[in-house]
Amino acid sequence: MEIEWMLIKFDDLLPHQLYAIMQLRNEVFVVEQNCVFQDADDKDQEAFHFMGWSGGKLLAYTRLLAPGNAYPETSIGRVISSPLARGWGIGKELMQKSIEAIYKIYGRQTIQIGAQLYLKKFYETFSFQQTGEVYLEDGIPHIHMLKHVTS
C-alpha cells in the first residue's frame, strides 16, 4: 500500500483534512476505546499535524507539539492508526516518521509522550523509556515516556 505522508501546521489544514483528523480520533479514542473525553483541548492550533493518507483515506496520524505546549519537552501525541490499516506496520512507520519530523521542526532534542500502558513495549522499540508511575487518564492506564537524544 502506498502511503502519502503530509506534515501540516494547523492554520494550513484544509477543511476536509481537519474533518478526517477529528473523525479518526473520534472513531478510535472515543468509540473504539469507549472513552468519553474532551479531545478538542486547544493544543491543535499550535501543533503540526502529521498524516498518512492512502486512497483518499486518513490511515495514520500524530500531533507534534513544541516544548512547553503539553510538556517541557517536544511531544508526539494523539498517535493513531485507522482500524482499516492495522497489521500492515503502519504504526511503526508513523512513529519513525513522526520522530524524524519533530527533529526536523524543532531540532534534535528530548521527546516526551503520554503513552497508553499497553503500548509500552511498542514505544520502547523507538528508545522511549518510562519516567514515572502508571496514572489514569480518562480511565485508561498511561505512563510518561522520554526519548533522549543520542549521538
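Residue indices begin at 1 and follow the sequence shown.
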Minimal non-hydrogen separation, [X] against [Y], with atom names:
{"X": "Ile99", "Y": "Lys147", "answer": "CG2-CE, 3.9 Å"}
{"X": "Ile76", "Y": "Ile113", "answer": "O-CG2, 3.3 Å"}
{"X": "Tyr135", "Y": "Gly114", "answer": "OH-CA, 3.7 Å"}
{"X": "Phe122", "Y": "Phe126", "answer": "O-CD1, 3.4 Å"}
{"X": "Ala101", "Y": "Leu7", "answer": "CB-CD2, 4.2 Å"}
{"X": "Leu65", "Y": "Ala47", "answer": "CD2-CB, 3.5 Å"}

For [X], enumerate each residue passing the ring pair (Phe, Tyr, Trp, His ring centres under 6.0 Å) test, keeping only those at least two apart in sequence or located in another chain.
{"X": "Tyr61", "answer": "His49"}
{"X": "Tyr106", "answer": "none"}
{"X": "Tyr71", "answer": "His144"}
{"X": "Phe128", "answer": "none"}

Please check if the side chain of [X] supplies one atom and the backbone of [Y] the other of a donor-acceptor pair under 3.5 Å.
{"X": "His142", "Y": "Ile140", "value": "yes"}
{"X": "Glu46", "Y": "Lys43", "value": "no"}
{"X": "Thr74", "Y": "Gln112", "value": "no"}

Interatomic distance, [X] atom [atom1] to [Y] atom [atom2] [nearest 0.5 angstrom]:
{"X": "Leu64", "Y": "Ser75", "atom1": "CG", "atom2": "OG", "result": "8.0 Å"}
{"X": "Leu24", "Y": "Met51", "atom1": "CG", "atom2": "CE", "result": "11.5 Å"}
{"X": "Phe10", "Y": "Arg63", "atom1": "CZ", "atom2": "CZ", "result": "10.5 Å"}
{"X": "Leu117", "Y": "Ile143", "atom1": "CG", "atom2": "CD1", "result": "5.5 Å"}
{"X": "Arg78", "Y": "Ile21", "atom1": "CZ", "atom2": "CD1", "result": "12.0 Å"}
{"X": "Leu119", "Y": "Met95", "atom1": "CG", "atom2": "CE", "result": "10.0 Å"}

Which residues share a side chain to side chain contact (heavy atoms under 4.5 Å, CB included) with [X], sequence neighbours left out:
{"X": "Leu136", "result": "Pro141"}
{"X": "Asp11", "result": "none"}
{"X": "Glu2", "result": "none"}
{"X": "Ile3", "result": "Met1, Trp5, Ser54, Leu59, Ile90"}

The criterion is side chain to side chain donor-acceptor pair (under 3.5 Å); which residues satisfy it with Gln45, sequence neighbours excluded?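 Partners of Gln45 by the side chain to side chain donor-acceptor pair (under 3.5 Å) criterion, ordered by chain and then number, come out as Asp42.
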
Listed partners of Gln96 passing side chain to side chain donor-acceptor pair (under 3.5 Å), at least two apart: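 Expected list: Glu100.
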
Contact check, side chains of [X] and [Y], non-hydrogen atoms, under 4.5 Å:
{"X": "Leu94", "Y": "Val79", "answer": "yes"}
{"X": "Asp44", "Y": "Arg25", "answer": "yes"}
{"X": "Leu146", "Y": "Ile111", "answer": "no"}
{"X": "Trp53", "Y": "Met6", "answer": "yes"}

For Tyr19, does the OH atom sit with more than 12 other heavy atoms under 6.0 Å from it, leaving out its own atoms?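 12 or below, so no.
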
Tell me whether Lys57 at atom NZ has more than 12 heavy atoms from other residues, nucleotides or ligands lying less than 6.0 Å away.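 No, NZ of Lys57 has 12 or fewer neighbouring heavy atoms, counting only those of other groups under 6.0 Å.
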
Quick check: is Phe48 connected to Tyr103 through a chain of hydrophobic side chains (ILVMFWY, heavy atoms under 4.5 Å apart)?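 Looking at the clustering, Phe48 is in the same group as Tyr103.
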
Got a sec, which pairs hit side-chain hydrogen bond (donor to acceptor under 3.5 Å, both in side chains) with one end in residues 115-129, sequence neighbours left out?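 Those involving residues 115-129 are Gln33-Gln116, Lys120-Gln130.
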
Taking salt bridge (Lys or Arg N to Asp or Glu O under 4.0 Å) as the cut-off, I'd like each qualifying pair that reaches into residues 84-94, sequence neighbours left out, listed once.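 Counting only pairs at least two positions apart or across chains, the salt bridge (Lys or Arg N to Asp or Glu O under 4.0 Å) contacts touching residues 84-94 are Glu32-Arg86.
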
